[in-house]
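For reference, the structure discussed in these notes is given below.
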Amino acid sequence: MTIMVQVEAVAQPEKTTELVRMLQRGFPHTRTAPGCHDLTAYLNEDGVSLVVIEHWESKAHYQSYFDWRTETGAIDALGALLQGPLKIRFFEKVDA
């Protein structure tokens, strides 16, 4: 069952450009990760709030990917650019 993952982050105002560049470098690798179907980032008009919408084969695939990013230090590097912790939410598709 595919899932949608919504990741919310708020950049430090002086770090927004660096954050976007980090995502631009990292997303090509994420898109080739096992189970990743797609991901897209959206920057709010406030210039600091960012939402990433991701589609994964399963929560287990996402967790495996997230664990890898944590092990490589990428999550800590990302956190250094943010005002607070990432907010990660998982959604299942509803047939409606």
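Predicted model only: the values in this text are computed from it and were never measured.
Atom-to-atom distance recorded for H55:NE2 and T40:OG1 is 8.5 Å, nearest 0.5 angstrom. Here the CD-CE distance, from E54 to M4, works out to 10.0 Å after rounding to the nearest 0.5 Å. The OG1 atom of T30 sits 11.5 Å away from atom CG of D38, with the distance rounded to the nearest 0.5 Å.
Apart from V7 itself, the hydrophobic cluster it occupies contains I3, V5, L19, M22, L23, F27, L39, L43, L50, V52, W56, Y62, Y65, F66, W68, I75, L78, L81, L82, L86, I88, F90, where clustering links Ile, Leu, Val, Met, Phe, Trp and Tyr at side-chain heavy-atom distances under 4.5 Å.
Linking Ile, Leu, Val, Met, Phe, Trp and Tyr residues whenever their side-chain heavy atoms come within less than 4.5 Å leaves V20 and V51 in two separate clusters.
Residues passing the side chain to side chain donor-acceptor pair (under 3.5 Å) test with T72, sequence neighbours excluded: none.
In E14, the CD atom is crowded: over 12 heavy atoms of neighbouring residues, nucleotides or ligands sit closer than 6.0 Å. Atom CZ of R21 has 12 or fewer heavy atoms from other residues, nucleotides or ligands within 6.0 Å.
Side chain of Q12 to backbone of A80: a donor-acceptor contact under 3.5 angstrom is found. No donor-acceptor pair under 3.5 Å is formed between the side chain of Q6 and the backbone N or O of R89.
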Trace of the side chain to side chain donor-acceptor pair (under 3.5 Å) decision for D67 with T70
CA-CA 5 Å; D67 291 347; T70 300; 5.3 Å; no

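Counting heavy atoms from C-beta on, the side chains of Q83 and P13 come closer than 4.5 Å.
Looking only at atom types and distance, the side chain of H61 has no donor-acceptor partner in the side chain of S64 under 3.5 Å away.
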